[in-house]
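Residue numbers count from 1 along this sequence. Every value quoted in this text rests on a predicted model; they were computed, and no experiment measured them.
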Amino acid sequence: MHDDRRITEVRLERFVRERINPAVYSRSLPLTLSSWDVPDEPVPALEAMRQKFQPQEHCAPWGKPWGTKWLRLQGEVPEFWGTEPDTTVEVVVDLGFTIEVPGFQCEGIAWRADGTIIKAVSPRNQYIPLKLLGGGMAVDFYVEAAANPDVAQGWTFAPTPYGDKSTAGTAPQYRLGTIAIAELNQTVWELQQDIWTLSGLMAELPLELPRRHEILRALERMMDLMDPDDVAGTAAAGRAALAEVMARPAYASAHQLVATGHAHIDSAWLWPVRETIRKCARTFSNVVALMDEYPNFVFSCSSAQQLAWIKEYYPELFGRIREKVRAGQFVPVGGMWVESDTNMPGGEAMARQFVEGKSFFLAEFGVDCQEAWLPDSFGYSAALPQIVKSAGSRWFLTQKISWNQTNRMPHHTFNWEGIDGTRLFTHFPPVDTYNSQLSGRELAHAERNYRDHGRGTVSLVPFGYGDGGGGPTREMLAAAARAADLEGSPKVRVGSAESFFKQAEGEYPSLPVWVGEMYLELHRGTYTSQARTKKGNRRSEHMLREAELWCATAAVRTAGSFAYPAAELKRLWRLVLLQQFHDILPGSSIAWVHQDAERNYEAIEADLETLIAGAAKAVLGSGNRKFLLNAAPHAREGVPALAAGEPVAPPVPARAAARDAGFVLDNGIIRAVLDADGLLTSLRDYASGREAIAPGERGNLLELHRDTPNEWDAWDIDEFYRRNVTPLTCAESVRLTDDEGEAAVVVERMAGSSAITQRISLAAGSPSLSITTSVDWQEREKLLKLGFALDVRADRSAAETQFGHVFRATHTNTSWEAAKFEICAHRWIHVAEPGYGVAVSNSSTYGHDVTRSIREFDGGTTTTVRMSLLRAPKFPDPDADRGRHQLTVTIRPGAAIADAVQEGYRTNLAPRLVTGASPVEPLFSLSNPAVVIEAVKLAEDGSGDVIVRLYESLGQRSAGMLTANFPVQRVSTVDLLERAVEAAGVDAGPDGAELLLRPFQLVTLRFVRGQE
């Protein structure tokens, strides 16, 4: 038989393009248009409708970047339209859509005159059924059209002015397309879906498989039977020609796919938060409209924040969503406030993502989400399994690790073991996307790619346009129906994530185990980009700790005369949690987003300062005595942890002296020597007498690297950056200074066009050397690192993560280790050999690298710890990080892990000195500093009960006694949502709890207050 396969396939492509697609709408009639352009930011619908609308030409250019145009569409449906069998009337609205997918260009939402939402219009979803317009033959409604610019520009990663409204210009971005009443031929549309499913399946089948050729010949017969000049009249015959191949059932062993509708809406990214709110309304209105047409359609919606926006700004739509939740079609998932980054948020912030998210879903919908849902975050902390389980959830889903550059994860369904030993049932959808269209290619890839065949038979596929929203379409639901039981295809069932997890859990009891973090071998630059955003996050996290502690202390110690500001603290927490979204905190958004974030952080700081000052005044009283508010979990300057007391001055002052063309800083605890260029040549602690700096090497070495990743500028640091480096060894000036009670050296130097001033200081009584680096950063495509070459033979580093730390190899024996050339640490990183270690802490830096080398002259090992201080990517924000920054680093020689933990808190909780009348006893005392109190607050339920959250910090079994220093009726263990649970290793007593904690165990306790 001659092979004419390709000829038939090309014939099919043209037949669909030129015959089928145009015939879906058999006839159309333009509508009359009028419009009003919003002068600046969007306005509410009813306000817009009150404006004076002017006549609007069809096909006219419109839309300055980020502008909004309101269109009024009016007309009459011609008599007899939609009366023929298999025909319906719709309004088609083309705002000038391009070939780009939804969410990255103009979008619109249709409104009735009474201010209720109809549904959205987008590039692949341009229709509005006539029946949604209120019935009758008259058409009269509004479209709110958003001229969101194409920031992505084809993913060339070229600098763009569109990410900042002040530089985006005013030139129209789009030209109106067809806006008309149209008659849909249902039979032609169904045929279009048949062809799409079959041709997609055919393209994925092996050439030697008969099924492929049977489909090809059926499609060929369909084209032969149909009249290209009368597609509508012969579409039924075309469908009949395909009926046999469509009816063939799937193989008995076919892989099963649970398809759940989804729209991964980035809470900010290449658009600002204000536009995300409208994207949510557009997407969710589409979803509920589809649910009315397709009762079996199930949609999974993550991010409580997005539904909170709908409740606030679109209450009528929120009511419709509530109805669909009750019907089991609109399913909240994830249980988080936003789909956050998981590398950088602190432990308490990560916990609060679940507290706020799950609490919202429970309060608004009565839904207790059982899965954590993070399909797009840039790697997953090893602390997550314990946090998820502590929130009362059972399962975890992501697909982002499929983006790994080097290594492929060995499983798609497995148990994920965290730092404390908690195991979490985890699934990676093998379809490798959260934006599936349920195409033949995607379904075939999911089946081929699944790595657990023979043990598992089912995987999940989230479908719907995402990132910029849009969600599922009727075409996707048609594809799901056709692939439900189709030979050569996996079996597709539309359902919920919960139904998938229960099925997978039931069939696959002996799961493989992945231990530790799930490091994304990509997007390593997100630990560093947009340093001001990261600094604001870190500062906000610690100020929230202070505010909750002192407000709770004031509420308890003043016998109720101080009103705990629960609502205000919740508001501030939710704003901080929003900004931990996985494109805000990582620094991968447009300038507008980060400008908003920085303004928010300034407001958060001011509001928290007010709360802290009010609580301090309430608890300390009025007076002139000076007190240190010690919010740290360790004693400080003679003041116990979590207490307010008079600080005790260290007995030995710190001194600085010029010596031997350099400088010496000494406080009797450590001694630091700097050379004439301000580089650290010696660092010793008196307790061990050992030198921390490697022979012939230097610490405090700033290095400037070329930073030109292959793609994803703000996201990526590529390994080859290391090959181009300029050590900044020459200083412009170096001088001694003695102020603020510290011995210090001030160093000024240049990095390209950027002026750098470093203040290297040693405080009396301090076990660490502090380096504050102030930079007027004016570089582009450069990476600034600060490093310390240490005389330590460390085969691994320890880096703080949420509620503990993770170890990572310093060598590159395997490709998994080599891929971790840039790593994330929270407040500290520690390197050690048996008996000796060095801790390096930071105030707002997350990106690090740790390398090792062997010295030829003495055979010793140099372990170099470096922090990534600043980057200068050009996309999506061409001016990212330019301007002034201040970053603080400390280095502590002779440090154990316990010292590193304390150093992290010291660096991030600056001494807070206030005046008052009398000291304040801490609410809680702990007998073992290995157990760290992370949060003290009043209960979420408003009962006045005191909640304390603590964890084992050293990675070892630790015992201790937690005692409440106030009257207590009862003590109980609770989960993160403060619901009663059993907790291993906790023996609750009348006024405290005896603890025997496993490594990194997280515990939350509720103290019911007694009478004073």
Test side chain to side chain donor-acceptor pair (under 3.5 Å) on Thr433 and Asn435; report intermediate values, then the result. CA-CA 5 Å; Thr433 180; Asn435 295 328; 4.7 Å; no
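- Annotation: side chain of Arg474 is not in contact with side chain of Gln193 (no heavy-atom distance under 4.5 Å).
- Between Glu364 and Lys311, at least one side-chain nitrogen of the basic residue sits less than 4.0 Å from a carboxylate oxygen of the acidic one, meeting the salt-bridge criterion.
- Looking at heavy atoms from C-beta onward, Trp573 lies out of side-chain contact with Trp337 at the 4.5 angstrom threshold.
- The salt bridge (charged side-chain N to carboxylate O under 4.0 Å, His left out) test with Lys937 is passed by exactly one of Glu978, Glu348, Glu548: Glu978.
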Quick one: do Arg1006 and Glu940 satisfy salt bridge (Lys or Arg N to Asp or Glu O under 4.0 Å)? Show the steps, please. CA-CA 11 Å; Arg1006 177 191 286 265; Glu940 295 288 315; over 6 Å; no
Would you check, one step at a time, whether the test side chain to side chain donor-acceptor pair (under 3.5 Å) holds for Gln306 with Thr276? CA-CA 8 Å; Gln306 295 180 358; Thr276 306; over 6 Å; no
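- No salt bridge links Glu447 with Lys491; every basic N to acidic carboxylate O contact stays at or beyond 4.0 Å.
- At least one test fails for Arg574 against the ring of Phe360: distance under 6.0 Å to the centre or angle within 45° of the axis.
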Apply the test salt bridge (Lys or Arg N to Asp or Glu O under 4.0 Å) to residues Asp140 and Arg72: give CA-CA distance (whole Å), side-chain angles for both, the deciding distance (0.1 Å), then the verdict. CA-CA 7 Å; Asp140 189 355; Arg72 187 174 185 182; 2.8 Å; yes
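- The line from CE of Met350 to CG of Leu384 is 5.5 Å long, rounded to the nearest 0.5 Å.
- Side-chain N/O atoms of Glu144 and Thr68 include no donor and acceptor closer than 3.5 Å.
- Between Val593 and Trp269 the shortest side-chain heavy-atom distance does not fall below 4.5 Å.
- Listed here is the closest heavy atom pair of Leu73 and Val91: CD2-CG1, 4.3 Å.
- Judged purely by distance below 3.5 Å, without hydrogens or angles, the side chains of Ser377 and Thr342 never pair a donor atom with an acceptor atom.
- By the 4.0 Å N-to-carboxylate-O rule, Glu323 lies too far from Arg320 to be salt-bridged with it.
- Side-chain contact, Glu507 with Thr457: a donor N or O sits under 3.5 Å from an acceptor N or O.
- Partner of Ser302 under the side-chain hydrogen bond (donor to acceptor under 3.5 Å, both in side chains) criterion, chosen from Glu339, His262, Glu371, His264: Glu339.
- Ion pairing between a basic and an acidic side chain is recognised when a charged N comes within 4.0 Å of a carboxylate O; Glu505 and Arg394 show such pairing.
- Glu90 and Tyr25 form a side-chain donor-acceptor contact under 3.5 Å, judged by distance and modelled atom types alone.
- Listed for the Ser436 side chain is a donor-acceptor partner under 3.5 Å among the backbone atoms of Leu438.
- Remark: Arg278 is not positioned above the aromatic ring of Trp271, lacking an NZ or CZ atom under 6.0 angstrom from the ring centre and at most 45 degrees off the axis.
- Between His427 and the options Phe396, Phe500, Phe414, a ring-ring contact (aromatic ring centres under 6.0 Å, His included) holds for only Phe500.
- For the residue pair Gln503 / Arg493, a side-chain donor-acceptor distance below 3.5 Å is found, with atom types taken as modelled.
- Summarising the local packing, CD of Glu41 is surrounded by more than 12 heavy atoms from other residues, nucleotides or ligands at distances under 6.0 Å.
- Classified by interplanar angle (parallel below 30°, tilted 30° to 60°, perpendicular above 60°), the ring pair Tyr142/Trp70 is perpendicular.
- Using a 3.5 Å distance cut-off with no hydrogens or angles, the side chains of Glu475 and Trp189 do pair a donor with an acceptor.
- Residues Asp292 and Lys324 are paired through a salt bridge, judged by an N-O separation under 4.0 Å between the basic side chain and the carboxylate.
- Between Asp975 and Lys358 no salt bridge is recorded (no basic side-chain N to carboxylate O distance below 4.0 Å).
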